[in-house]
Structure formats: structure tokens, C-alpha cells
Amino acid sequence: MINSAAQKVVDAYKGFLADLKIAFGVALDMKSTDGVTLIRRFVSDTEALKRSRLRIVSEEVASSARAVAYYGIAQTASERLDRVEVEDVMSHADGLAESLVSALSACMQRDIEHCASVIRRMSMQVMLSRGAVSLIRARMGQFASLSFEQRDAIGRRWKSEDYVRSMTRMTFILTYADSAVIAAHLQGIKRLVIVNPESTFDGTVFSVSDELDMPDYMSLRDTVFHPNSTATIAVWEGA
């Protein structure tokens with residue numbers, strides 16, 4: 001469920017990268033060797049591109065986040081939640097989705113700025129060497145070597161596609177887990193259990209809030225539910 005939901009968002013972002021590379025190629029095909037002219041054309045083209053693609057990405061994030069939230073509810077809702085309760089869960093999921101869209105927008109802008117910096121570098125190279133041959137070589141080389149990367153909070157380099165996948169999975173995993181816990185809380189369920197045979201956390205019983213003398217959800221949330229987590233949540237049936 002989470003894998004397929006995240007992949008839809010990644011595919012939408014890959015569509016943006018494909019269109020961005022086309023816009024980059026169009027800028028390089030211009031006869032002008034003036035870097036300012038090339039950048040202005042590129043920025044004009046990519047502003048519209050970003051708005052269009054961000055709208056597609058936003059719609060995919062919003063619908064996928066809600067689907068994941070319903071999946072989370074189903075894990076712990078022994079009884080049907082009423083409309084108001086469901087909207088409480090969905091409101092939280094929508095907030096997580098909005099944060100993800102904001103982060104994806106920032107990723108798009110960084111990828112655009114990277115292209116612009118490559119165009120500036122090419123223009124400088126041509127300016128220093130002059131001549132049509134050097135222009136053709138520079139443009140061919142820059143287009144062939146174009147790649148997209150992001151840096152995380154601790155400075156690690158990621159391919160943009162992989163960074164978006166990790167960030168999206170993180171958001172959807174938390175959407176799932178938060179939704180399951182909120183649904184349990186709304187029904188008065190006090191204890192839940194982590195199900196994850198591949199982890200040392202498998203079988204860990206925790207309280208929905210911090211009222212009980214045991215680990216509570218918020219103390220485990222960021223450790224158990226990371227981007228590669230396969231953990232699920234179930235109602236604790238023990239004594």
C-alpha cells in the first residue's frame with residue numbers, strides 16, 4: 001500500500017524531471033551565446049513548468065495520503081468511526097501531505113537552479129573559448145552530463161528521484177502510523193502492538209498516550225517508523 005502510493009508520487013516527480021530536461025535542452029538550442037539571455041528564457045519556461053507539475057504532484061500526494069490514512073484507520077478501528085472522527089484523522093493526514101508538497105516544491109526549485117547554474121557555466125566556457133565549434137561541444141557535453149541531485153540535512157548527496165522516494169515514504173509511513181493511533185485513541189483503545197518480524201521492535205506493546213507505565217507512541221514514533229520501515233500496528237489483545 002505505502003510502496004505503491006509513494007511510487008505514484010515519485011512517477012509524478014520523474015515527469016517533472018523529464019520536462020525540465022527538455023526545457024534545459026531548448027535553452028541550449030538557442031543560438032545566443034549570452035548567458036543572461038539563455039537564463040531568462042530558461043527561467044520563463046520553467047516557472048510555468050513548475051506550476052503545472054507541482055499541481056499534478058500535489059494532487060497525487062493529497063489522494064495518496066488520504067488512502068494511506070484510511071488504511072491506517074482500518075488497522076485499529078474495531079468499530080466504524082463516525083464522520084467527524086474520520087475527518088479528525090484526515091485533517092492530520094492532510095497536514096502531513098501539505099508539508100510534503102512544500103518540501104517537493106523546494107526540491108523542484110533546487111533542480112531548476114541546478115540547470116540554471118549549468119547554463120551559466122556553459123556560457124562562461126563559450127565566452128572564454130569563442131567559436132561555433134566550442135559552443136556545440138559545450139552544449140552537447142552539458143546536456144549529456146546533466147543529472148539531478150539533492151542534499152539531505154546532514155549533507156549526504158542523493159539522486160533527486162531517490163531523495164523524493166525516501167521523503168515521500170517517510171511521510172506516508174507516518175501518515176499510516178499516526179492514523180492508526182488516532183483512530184485507536186478515538187475509540188478509547190489504550191494499548192497497541194508493533195508487528196514487524198524483521199525488527200527488534202516486533203511485539204513491542206505501547207500505550208496510545210503517556211498515561212500508562214510503558215513506552216508511549218510518541219517515544220517510539222521516529223525510531224520505529226523510518227523511511228524503510230515495514231512495521232505495522234495492531235490492537236493489543238493481551239491481558
Side-chain angles (χ1 to χ4, degrees), residues 1-13 54-106 164-199 201-238:
M1 172 64 186
I2 291 174
N3 284 339
S4 60
Q7 189 59 49
K8 290 178 181 178
V9 176
V10 172
D11 288 343
Y13 196 90
L54 186 59
R55 182 170 61 252
I56 294 172
V57 170
S58 299
E59 291 172 354
E60 195 59 67
V61 168
S63 62
S64 294
R66 286 206 155 212
V68 170
Y70 278 116
Y71 176 58
I73 290 173
Q75 302 297 293
T76 58
S78 57
E79 298 178 3
R80 186 179 180 86
L81 299 182
D82 63 34
R83 182 179 61 81
V84 174
E85 290 172 330
V86 170
E87 280 308 308
D88 284 342
V89 179
M90 291 302 149
S91 177
H92 180 74
D94 290 344
L96 292 173
E98 288 172 6
S99 294
L100 176 58
V101 169
S102 178
L104 291 173
S105 176
V164 166
R165 178 179 288 105
S166 178
M167 186 165 54
T168 301
R169 276 187 54 82
M170 182 77 264
T171 298
F172 287 170
I173 286 169
L174 290 179
T175 299
Y176 157 78
D178 288 359
S179 299
V181 172
I182 294 171
H185 173 69
L186 292 172
Q187 295 176 96
I189 295 171
K190 299 294 186 181
R191 295 178 179 85
L192 299 173
V193 61
I194 295 169
V195 181
N196 189 4
E198 300 176 358
S199 167
F201 288 101
D202 184 46
T204 298
V205 179
F206 64 94
S207 66
V208 171
S209 65
D210 60 359
E211 298 174 2
L212 303 178
D213 187 19
M214 63 172 57
D216 66 298
Y217 173 62
M218 293 307 295
S219 70
L220 297 171
R221 181 179 186 260
D222 295 336
T223 303
V224 176
F225 300 101
H226 50 80
N228 296 318
S229 174
T230 57
T232 58
I233 293 175
V235 176
W236 172 241
E237 303 291 353

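As a basis for the values below, the full set of heavy atoms in this structure was taken, side chains included, without hydrogen atoms, waters or symmetry mates.
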Tell me if a side-chain donor or acceptor on [X] pairs with a main-chain N or O of [Y] at a distance below 3.5 Å.
X    : Y    : value
T168 : A6   : no
S229 : V224 : yes
S64  : V61  : no
E85  : D82  : yes

| message | Take a 6.0 Å sphere around NE2 of H92 and say whether it holds more than 12 heavy atoms from other residues, nucleotides or ligands. | response |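 For H92, atom NE2 is crowded (more than 12 foreign heavy atoms under 6.0 Å).
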How close do [X] and [Y] get, heavy atom to heavy atom, and via which atoms?
X    : Y    : result
V57  : A12  : CG2-CB, 3.8 Å
S207 : M214 : N-SD, 3.6 Å
A234 : V195 : CB-CG2, 4.1 Å
D216 : S209 : CB-O, 3.0 Å

| query | In this structure, which one of T175, I233, D178 forms a side chain to side chain contact (heavy atoms under 4.5 Å, CB included) with F225? | reply |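 Output: one option passes, namely I233.
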So, taking the atom named [atom1] in [X] and the one named [atom2] in [Y], what distance separates them when rounded to the nearest 0.5 Å?
X    : Y    : atom1 : atom2 : value
K8   : F172 : NZ    : CZ    : 9.5 Å
S91  : I182 : OG    : CD1   : 9.0 Å
Y70  : S179 : OH    : OG    : 10.5 Å
D222 : L174 : CG    : CG    : 6.5 Å

Would you say the side chain of [Y] lies within less than 4.5 Å of the side chain of [X], judging by non-hydrogen atoms?
X    : Y    : result
R221 : M218 : yes
L192 : V205 : no
V181 : T76  : no
Q75  : Y176 : yes

| task | Apply side chain to side chain contact (heavy atoms under 4.5 Å, CB included) to the pair V101 and L54, showing each step before the final yes or no. | result | CA-CA 8 Å; V101 169; L54 186 59; 4.2 Å; yes
| query | Could you go step by step and tell me if R169 and V10 meet the side chain to side chain contact (heavy atoms under 4.5 Å, CB included) rule? | reply | CA-CA 10 Å; R169 276 187 54 82; V10 172; over 6 Å; no
| note | By side-chain contact (heavy atoms from CB on, under 4.5 Å), Q187 pairs with (sequence neighbours left out) A77, S78, E79, L81, I189
| field | For F201, all residues meeting ring pair (Phe, Tyr, Trp, His ring centres under 6.0 Å), sequence neighbours excluded | value |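 Not a single residue meets the ring pair (Phe, Tyr, Trp, His ring centres under 6.0 Å) criterion with F201.
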| field | Verdict with supporting geometry, D11 and Q7, side chain to side chain donor-acceptor pair (under 3.5 Å) | value | CA-CA 6 Å; D11 288 343; Q7 189 59 49; 2.8 Å; yes
| field | Trace of the side chain to side chain contact (heavy atoms under 4.5 Å, CB included) decision for V9 with L104 | value | CA-CA 10 Å; V9 176; L104 291 173; 4.0 Å; yes
| query | Under the side chain to side chain contact (heavy atoms under 4.5 Å, CB included) criterion, do D202 and I194 qualify, and how do the steps go? | reply | CA-CA 6 Å; D202 184 46; I194 295 169; 5.8 Å; no
| Taking 4.0 angstrom as the limit, do E59 and R66 come out as a salt bridge? |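 The answer is no: the pair does not qualify as a salt bridge.
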